[in-house]
Amino acid sequence: MDLEALNGLLRPQSIAVVGASNKEGKIGYTVVKNLLDSHYEGVIYPINPTDSEILGLKAYPSVLDVPGTIDAATIIVPAKLVPMVTEECGKKGVKGLIIIASGFSEVGRQDLEKQVVDIAHSYGMRVLGPNIVGILSNSDLCNASFAPFLPLPGKAALVSQSGALLIAMDASTYTRRVGFDKMVSIGNMSDVNFADTIEWLDQDESTACISLYIEGLRNGRAFINAALNAVKPIIALKAGVSAHGAAAAASHTGSLAGSGKIYDTAFQQGGVVRASDLNNLFDRTLALSLQPPMQGDNMLIITNGGGVGVLATDAAERYGVPLRFAPADVQAELRKHMPEFGSAKNPVDLTGMAGKDWYYASVRFAFAHPWVDALAVLYCETAMTDPLEIAQGIKQALEDAGVEGKPVAVSFVGGEQSAAARKWLVENGIPAYDAPDVAINALAALREYARSRQMAAVPFQRYADVDEAAARQIIANARAHKNSSLTEIESKKIFRAYGMPVAMTELATTEDEAVQIAEQIGYPIVMKIMSHDILHKSDAGGVKVNVKNAEGAREAFRTIIANAKAYKADAVIEGVAVQEMAPWGTEVIVGSVNDPTFGPSVMFGLGGIFVEILKDVTFRVAPVSAEQSYKMLEEIKAGAILAGARGEEPRDRKALSEVLSRYSQMITDLGDEISESDANPVLVYEEGQGVKVVDARIILKK
Ligand code: ACO
C-alpha cells in the first residue's frame, strides 16, 4: 500500500470542501464549520458554484480555481455529480477523496461507485467512502466530518463501517471516558478498506490501539495479513455474523461454517481481539490503548471487599483467565499489609479497613513480584476511605514498583467520588471501571492479545514433497468428463499427491480385476460401488466390508453391481472400488469450504455425534502450520478423547496435525478448483501409529 497517498487522505495539510454551503443545516455548511471549530491548522478551500465566501473563508467555483495544492477533497454534492467532481479533483492533483455523499453501492449503484473509483485511480487518487461521515483527528485538530465535535482525546483510533455508529461513539467518548485520537468512517469501502487503514494507523505515532466496527469484509485475507503485520493491538466488534455463507453451503462442512465461526477464527489468526458488544468495545479499547499485553497467566486480584472479589473470581473463570493462589512468599509478604482476618490468597482481601497505605504497600510489592503477570485492583467505596486518595496510592505504588510491561486494571465501585477517582486514574493511564467483572474482562483482552500474537507468530511452512501437477491433472480429467465432483478414488489420489496417508483404493471393472487388486492390497478388504449417480453408497447396498478371500471378492462384486442397478436403473456405474480395510481407530473428520470472504478454510472435528449433533468443530483459514493444527485438536470440546481420556491410550495427534496441515496446503494450492472437500472418516491410531484417511470427497468449483 502507498502510505504516502493515504497520508494525504488521513493527515491532510489542506482540505477542499466540495459542496460547501452557507446554508445552516446542510452537511456542506457543517463540515466547513467543524473544520473551523476544531481549529484545523491546514488550509480550507470551500468550493461552491455561486458563493464567493463561506463562513468567512474565500470560496472557489471549482477545485481547478484553487491557487494552492489540495491534499484531500471532501465531496458533499449529490451522487450524480461526483464523477464530474472527481475528474476535476484528478486534474487538480488532489491526493485523496473523502466522499461523504450517499447514493452508491448501498442503494444498488455499484456502477456509479466503480466509475468514481476508476476515475480517481486513473489520477492516482485514493477514495475514502462513499457514504461516510468523514474523518476526525485530535492530533491534527481536524474534524473533516459532520460528527458534532472531536472525540475525547486519547490514544485509540476507531475505524467504522457505520457512519451513524461513529457519530454516536464520538459523543459517548465523553460520557464513557474512553479517549480516541482518530475516527475514520469507511462506509462502502470502494477503495480504502480495513486492511489499508490498519496498515496506516499502525505507523501513526498518535495511535496506540486500533478499534474496528465491522459489518462485512471484502477481502478477508488482506485483512488477516494487515492485522498480522500490525504491531499495535487491534480490537474488532463484528456485527451480522449469523447466516454468513450458510445459504451457499452444499456440504456438511459448509453448513457448520455458516455460523460465523470462520470470522472468529480469522480474527484469532490475525491476532485481533474480539469485542462482544459496543460496551465491551469501549471497555476493551480503553485497556488496550493504555496497557501492555498480559504475557503470562498469573493474575493477582487485590480488593477491600469480599463481594467484589468473588464477582471478579467468577469473571476470571468466565473470561478464561486462570486464577491461582499466590505462592507462599507472596502471601507471607501481603499478610503484613492487612488485619488478621484478611486473606492473602487470591483474591487478596485487604478488608474494608484498607486505606491508602495498605493499598500502596500491597500493590507495590505484588506488581514488582515476578510471579505476578497482571494485577486487578478492586475497591468498594467506604465511609472510612477517600477514593481519590486510594487511586493516587495505587498509581504511586505502580510507579514505585519500577516494572514495565505488565498490565493493570482497576475497578472502583461506588458513587460520585468513585467516579471522580476513576476519571483521575484513566487520565493517568490506568484503565478504571465501575464493576469488577469489567476490569477482569479488560485484562482478559490484554491476555487474548498476547496469546493470539504468540499463536500467529508460528508461520506455515510449505511441504515440498507434494505433486500439485498430478492433482491438477486429475481435476482436469474430471472436468473433461463434465463431472462437478471427483470420485472417491480420484479424491484419494489427490490426497495422496499431498502426502496424506490414504487407505489404498483401486477401481475394478470386472470380477477378475477385483480379485487381482484385492490380492495386491491383501485381505480383508472393503468393496464399494463407484458411480457419480449414487452418492449414498450404503443406502444402495453398494458397500461390503471384511471381504476375506477371492471367492468373497467375486461374490461381493456381483452383489454390489446388482444392488446398484436395482437401486437406480439408469445409474452410470464406473465399477467397484477395492479398498484396504483399515483397522479401527478414533474417527475424526477433516473438511474444507471455500469461504466467500476468507477463501479456503479447514474444519476439524471428531466423527459421529460430535459433529452431527454437538457441532463440536473448529476452523482455520488455510494454510495452517502443523503447530496451529495441533491447537485445533485441543480446541474442540471432545479434544480430551484424543489426548487419552478415561484410561484410553493417547491418539497420534502429531500425525493428525500433519495431515491437517498438508490438507490445508492442498485446499490452498487448489483453491481455484476446489469448492468443498472432506476426509471422513480419518482414523487416528495410538501415538506413533499414525492415521489413515478412509474416505475422501472433493467437490469442484462451478
Ligand atoms: N461543486 C461544488 N459545489 C457544488 C457543485 C459542484 N460541482 N454542484 C453543486 N454544488 C453545491 C450546491 O450548490 C450546494 O450549495 P448551496 O447550498 O450553496 O446551494 C451544495 O453543493 C450541495 O448541493 P445540493 O444539491 O444542495 O445537495 P444537498 O446538500 O442537499 O445534498 C449530499 C448533498 C449531502 C451529498 C446528499 O446528496 C447526500 O448524499 N446525503 C447523505 C450523506 C450522508 O448521510 N452520508 C453519510 C452516510 S453515513 C450515516 O448515515 C451517518
Side-chain angles (χ1 to χ4, degrees), residues 15-35 44-66 70 72-92 94 97-110 112-113 115-116 119-120 125 127-136 143-149 151 158-172 183-193 197 213-216 239-240 278:
I15 300 180
V17 183
V18 183
S21 173
N22 270 316
K23 295 176 189 121
E24 218 170 312
K26 294 185 89 167
I27 296 182
Y29 172 91
T30 305
V31 171
V32 178
K33 180 147 193 320
N34 276 347
L35 280 167
I44 309 166
Y45 297 112
I47 311 294
N48 184 287
T50 50
D51 292 1
S52 58
E53 189 182 302
I54 288 175
L55 287 156
L57 297 167
K58 179 169 168 46
Y60 302 86
S62 157
V63 286
L64 294 169
D65 301 308
V66 168
I70 302 171
T74 44
I75 302 192
I76 318 164
V77 293
K80 64 177 187 301
L81 299 179
V82 176
M84 185 198 76
V85 167
T86 302
E87 191 76 51
E88 287 180 359
C89 288
K91 287 189 180 133
K92 172 67 188 164
V94 172
L97 306 180
I98 300 169
I99 306 184
I100 290 179
S102 302
F104 295 87
S105 62
E106 82 282 7
V107 291
R109 292 301 310 271
Q110 282 83 355
L112 193 61
E113 193 165 299
Q115 188 190 356
V116 170
I119 298 170
M125 293 187 290
V127 177
L128 192 65
N131 189 30
I132 60 171
V133 167
I135 58 162
L136 301 96
N143 181 2
S145 82
F146 64 93
F149 34 68
L158 173 74
V159 183
S160 174
Q161 217 169 338
S162 159
L165 195 75
L166 182 144
I167 296 180
M169 284 182 73
D170 177 26
S172 28
M183 291 194 162
V184 181
S185 170
I186 58 172
N188 295 2
M189 302 189 295
S190 67
D191 175 21
V192 174
N193 56 26
T197 42
Y213 170 78
I214 302 175
E215 278 168 9
L278 207 48

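As the structure is a computational prediction, the values presented were derived from the model and not from experiment. Quick note: numbers below take in every heavy atom, side chains included, and nothing from hydrogens, waters or symmetry partners. When a ligand or atom number is given, it counts from 1 through the structure's own listing order.
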Please check whether [X] reaches ligand 1 - meaning an N/O of the residue sits under 3.5 Å from an N/O of the ligand, judged on distance alone.
X	answer
Asn131	no
Ser102	yes
Asn48	yes

I need the atoms of ligand 1 closer than 4.0 Å to a non-hydrogen atom of [X], numbered in the order shown.
X	value
Ala101	35 (C), 39 (O)
Ala164	49 (C), 51 (C)
Val18	1 (N), 2 (C)
Gly163	48 (S), 51 (C)
Lys23	16 (P), 17 (O), 18 (O), 19 (O)
Ser21	16 (P), 17 (O), 18 (O)

- Task: Flag atom 27 (O) of ligand 1 as yes if some protein heavy-atom distance to it falls below 4.0 Å, otherwise no.
- Result: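 Within 4.0 Å: yes, protein heavy atom nearby.
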- Item | atom 2 (C) of ligand 1 protein-contacted, heavy-atom criterion under 4.0 angstrom |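 Protein heavy atoms within 4.0 Å of atom 2 (C) of ligand 1 - there is at least one.
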When you measure from the side chain of [X] to the backbone N and O of [Y], does any donor-acceptor pair fall under 3.5 Å?
X	Y	answer
Asn34	Ala147	yes
Thr74	Ala16	yes
Gln115	Glu113	no
Ser105	Gln110	no
Asp191	Val127	yes

Please table the atom pairs, donor to acceptor, closer than 3.5 Å between any side-chain atom in residues 56-66 and protein atoms at least two apart or in another chain.
| residue | atom | partner | partner atom | Å |
| --- | --- | --- | --- | --- |
| Ser62 | OG | Leu64 | N | 3.0 |
| Ser62 | OG | Glu88 | OE1 | 3.2 |
| Asp65 | OD2 | Ser62 | N | 3.1 |

- Message: Counting only heavy atoms, tell me which of Ile76, Ile54, Leu165, Val133 gets closest to atom 34 (C) of ligand 1.
- Response: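 It is Ile76 whose heavy atom sits nearest to atom 34 (C) of ligand 1.
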- Message: Could you work out, for atom 25 (O) of ligand 1, the closest of Pro61, Pro78, Gly19 by heavy-atom distance?
- Response: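 Of the listed residues, Pro78 has the closest heavy atom.
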- Task: Heavy-atom distances under 4.0 Å are what count here, so tell me which part of Leu81 touches ligand 1: side chain, backbone, both or neither.
- Result: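 Answer for Leu81: side chain.
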- Task: May I ask you to identify, for Phe104, whether its side chain, its backbone, both or neither come under 4.0 Å of ligand 1 on a heavy-atom basis?
- Result: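 Phe104 to ligand 1: no contact under 4.0 Å from either part.
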- Can you measure from CD1 (Ile119) to SG (Cys89) and round to the nearest 0.5 angstrom?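 Spacing of CD1 (Ile119) from SG (Cys89) equals 10.5 Å.
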